[in-house]
Each structure stands twice: as structure tokens, then as C-alpha cells.
Amino acid sequence: MPTEKERLDEVEPTVADLVATTQALTAELGRVSARLLVLERRLSGAGSGPDEDLDSTEGITETVDALRAAWDAEQDLLADSVRADLRAEVAEYESMKQQRDAGLAKLSAGRMPRFERDALQHEVQNLEWRVNAQEAGAMAAAQRLAADQLAAEEPWRAEAVVAGEKARQEILDIARRRLDRALAADTRLPLWFRVGLGEITSPDPSRWVEAAVALVAYRLEYGVTDPISPLGEVPSATSGFAAWVRRAEAHTDIVDQLESLRP
């Protein structure tokens with residue numbers, strides 16, 4: 001039967017290995033914790049480096065100019081959804097006029113059973129009332145559609161809109177590169193960025209990154225320079241023009257993204 005000393009001698013190498021492994025793991029955990037702390041500070045914008053100017057247009061003037069030209073071009077072009085609604089309004093009005101006129105023609109064509117004539121007269125009167133009620137709106141819609149068509153036929157507008165689509169993708173790529181560079185360099189991100197994005201989401205930061213890219217691109221595209229408010233003034237789409245509808249939709253989308261990051 002082994003003595004107490006012999007048993008201790010037997011387990012001593014194992015204990016020594018466990019102690020060494022524990023010390024190594026503790027040291028590695030300390031290094032990982034420190035790196036995670038630095039990463040969290042970087043991703044939340046609380047960097048230790050110089051201030052980062054994410055709104056600067058230096059070096060990207062060609063892309064920004066294309067976006068500004070597209071904005072000007074779309075000031076007199078209706079948004080697709082608005083154009084479709086106006087066309088539907090005019091089509092409904094024209095359809096009612098045709099139905100009314102067909103009813104009047106049938107009433108004037110000759111004799112018919114009294115109950116049938118009474119029903120048709122009632123239908124025609126109802127259509128006449130609806131035509132009169134919708135006439136002003138339909139005429140205004142037709143005028144807007146005509147002005148939209150004239151604007152769309154101007155070559156410079158079509159060219160600017162196409163160039164704007166290309167520039168819109170470019171500005172997203174630019175925003176992503178700027179964000180990557182700022183996080184890698186541990187620069188201090190602007191106050192509006194930290195107000196909008198808050199702390200990095202974990203364990204998956206992808207939604208935070210996508211929202212950050214969209215926010216930076218929005219400010220660059222629309223020239224937002226408010227030092228505190230991430231998106232600046234709330235745009236209105238009431239005009240129905242493509243420039244404002246596009247901006248309002250982008251604004252709403254980013255607000256939704258930012259709100260989804262809130263705990």
C-alpha cells in the first residue's frame with residue numbers, strides 16, 4: 001500500500017500542470033477582456049484618438065455633386081407612387097364620365113320599361129354627382145401629370161437621376177470605408193453619431209454597423225451638418241416630388257433602424 005508521500009508525489013505533476021494552465025488561462029482572459037474593452041470603446045465612438053469628421057466632403061466632391069444634381073432634378077419629378085395615385089384618380093374620373101355619357105345616350109335612344117328607365121336615371125344622376133364632386137381634383141391631378149411629363153422629357157433631368165442612382169451607391173461605400181477607418185484608428189466619433197447609435201449591440205453588431213453606415217451616408221447625401229441631431233430636420237413628403245419622398249422614406253427607414261437598436 002503506497003504511503004501518503006508516495007501518493008502526493010504521484011499527483012504533484014498533475015497539480016503543477018493544472019496550476020500552470022490556470023495561470024495561462026487567467027492571463028489570456030485578462031488580455032481578451034482588455035481587447036474587448038478597447039473594441040467596445042471604439043465601436044461606441046468613445047475613441048482615444050483625434051475627432052473624426054464623418055461629414056467632410058473632402059475627396060468626394062464628385063459623388064456629392066452628382067447627388068446634389070439629382071436632388072435638383074427630382075424637385076419637379078413626381079415620385080412613382082404619387083404618379084400612380086394621380087393616374088388612378090384621373091382614370092377613375094374618366095371612367096365615371098364615360099359611364100354617365102353612356103347612360104344619357106341610352107336614355108335618349110328610345111322607349112324602355114319604366115322601372116328600367118327609373119333605375120338608369122337614378123344611376124346617371126348618381127354618376128353626375130360623383131363626376132362633379134371629383135372634377136376639380138381630377139383636373140388638378142391631370143395638370144400635375146402633364147407638368148411631370150414635361151419635366152421628365154428634359155434630358156438633363158434624366159441624366160442627373162441616373163447619375164444620382166450611381167452616386168447613391170457610391171456614398172454608401174464611402175460611408176462604410178469611413179466608418180471602418182474610424183473604428184480601426186480608434187478616433188473619437190462625433191456627438192451626433194453617439195446620440196444616434198448608442199452602444200454597440202452584442203453579440204451580433206451587424207445591425208449596428210448597417211445603421212451607422214446608413215446614417216453617415218444620409219448626412220453626406222443631404223448635407224446634414226447638425227452637431228447633435230443625427231438626422232437633422234424631419235423631411236416632409238407632402239409635395240409628392242421624388243426628391244422629398246425619397247428623403248422622407250430614407251429618414252423613416254433609418255429612424256426605424258436606430259430605434260431597433262434601443263434596449
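Computed from a predicted model, the values in this text were never measured in an experiment.
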* Asked: About how many Å separate CG of Leu183 and CG of Leu189, when rounded to the nearest 0.5 Å?
  -> 6.0 Å
* To do: Consider only side-chain heavy atoms of I, L, V, M, F, W and Y, link residues closer than 4.5 Å, and tell whether Met112 and Val124 are in one cluster.
  => yes
* **Salt-bridge present (Glu52, Arg181; N to O < 4.0 Å)** => yes
* Establish whether Tyr222 and Leu215 are linked, either directly or via other cluster members, by ILVMFWY side-chain heavy-atom contacts under 4.5 Å. => yes
* Asked: Do Val162 and Trp71 sit in the same hydrophobic cluster, where Ile, Leu, Val, Met, Phe, Trp and Tyr count as joined when their side-chain heavy atoms come under 4.5 Å apart?
  -> no
Side-chain donor-acceptor contacts of residues 61-68 below 3.5 Å, not counting sequence neighbours, with atom names and distances?
unit_1, atom_1, unit_2, atom_2, d
Thr63, OG1, Glu170, OE1, 3.0
Arg68, NH1, Leu220, O, 3.4
Arg68, NH1, Glu221, O, 2.5

* Heavy-atom pair with the smallest gap, counting every atom of Arg168 and Ala70 -> NH2-CB, 4.4 Å
* Asked: In chain order, what residues pass the side-chain contact (heavy atoms from CB on, under 4.5 Å) check against Pro235, with sequence neighbours excluded?
  -> Tyr218, Trp244, Arg247, Ala248, His251
* Asked: Mind checking what makes side-chain hydrogen bond (donor to acceptor under 3.5 Å, both in side chains) contact with Asp173, not counting sequence neighbours?
  -> Gln169
* **Pairwise side-chain contact, Phe193 with Leu54, heavy-atom cut-off 4.5 Å (strictly under)** => yes
Per-pair distances, 0.1 Å, donor-acceptor, side chain in residues 92-100, under 3.5 Å, sequence neighbours excluded:
unit_1, atom_1, unit_2, atom_2, d
Ser95, OG, Gln99, NE2, 3.2
Arg100, NH1, Glu128, OE1, 3.2

* Would Leu231 and Val213 show up in the same hydrophobic cluster when neighbours are defined by side-chain heavy atoms closer than 4.5 Å? -> yes
* Between Ala141 and Glu89, what is the shortest heavy-atom contact and its length? -> CB-OE1, 3.9 Å
* Do Pro190 and Asp53 touch side chain to side chain, with heavy atoms closer than 4.5 Å? -> no
* Asked: Looking at Asp55 and Arg178, what are the two nearest heavy atoms and their distance?
  -> C-NH1, 4.1 Å
* Full working for side-chain contact (heavy atoms from CB on, under 4.5 Å) between Thr252 and Val255 -> CA-CA 5 Å; Thr252 299; Val255 167; 5.7 Å; no
* State, to 0.1 Å, how close Val82 and Gly240 come at their nearest heavy-atom pair, and which atoms those are. => CG2-O, 3.6 Å
* Is Glu210 paired with Arg176 through a side-chain N to carboxylate O contact shorter than 4.0 Å? -> yes
* Structure fact -> In terms of heavy-atom contacts, Ala214 and Ile254 come closest through O-CD1, 3.5 Å
* To do: Can you measure from CG (Leu197) to CH2 (Trp208) and round to the nearest 0.5 angstrom?
  => 5.0 Å
* Asked: For Ser229 and Asp226, which heavy atoms make the closest approach, and how far apart are they?
  -> N-OD1, 2.8 Å
Let me have the donor-acceptor pairs involving side chains of residues 256-263, under 3.5 Å, with sequence neighbours excluded, atom names and distances please.
unit_1, atom_1, unit_2, atom_2, d
Gln257, NE2, Asp253, OD2, 3.0
Ser260, OG, Arg207, NH1, 3.1
Ser260, OG, Gln257, O, 2.6
Arg262, NH1, Gly196, O, 3.2
Arg262, NH1, Leu258, O, 3.4
Arg262, NH2, Gly196, O, 3.0

* **Charged N-O contact under 4.0 Å between Arg246 and Glu249** => no
What pairs of donor and acceptor atoms, side-chain ones from residues 144-161 against any protein atom, are under 3.5 angstrom apart with sequence neighbours left out?
unit_1, atom_1, unit_2, atom_2, d
Arg144, NH2, Ser239, O, 2.7
Asp148, OD1, Leu78, N, 2.8
Asp148, OD1, Arg83, NH2, 3.3
Asp148, OD2, Arg83, NE, 2.7
Asp148, OD2, Arg83, NH2, 3.4
Gln149, NE2, Glu153, OE2, 3.0
Glu154, OE1, Arg157, NE, 2.6
Glu154, OE1, Arg157, NH2, 3.3
Arg157, NH1, Ala73, O, 2.9
Arg157, NH2, Asp76, OD2, 3.1

* Is it the case that one hydrophobic cluster holds both Val216 and Leu191, taking links as side-chain heavy atoms less than 4.5 Å apart, direct or via other members? -> no
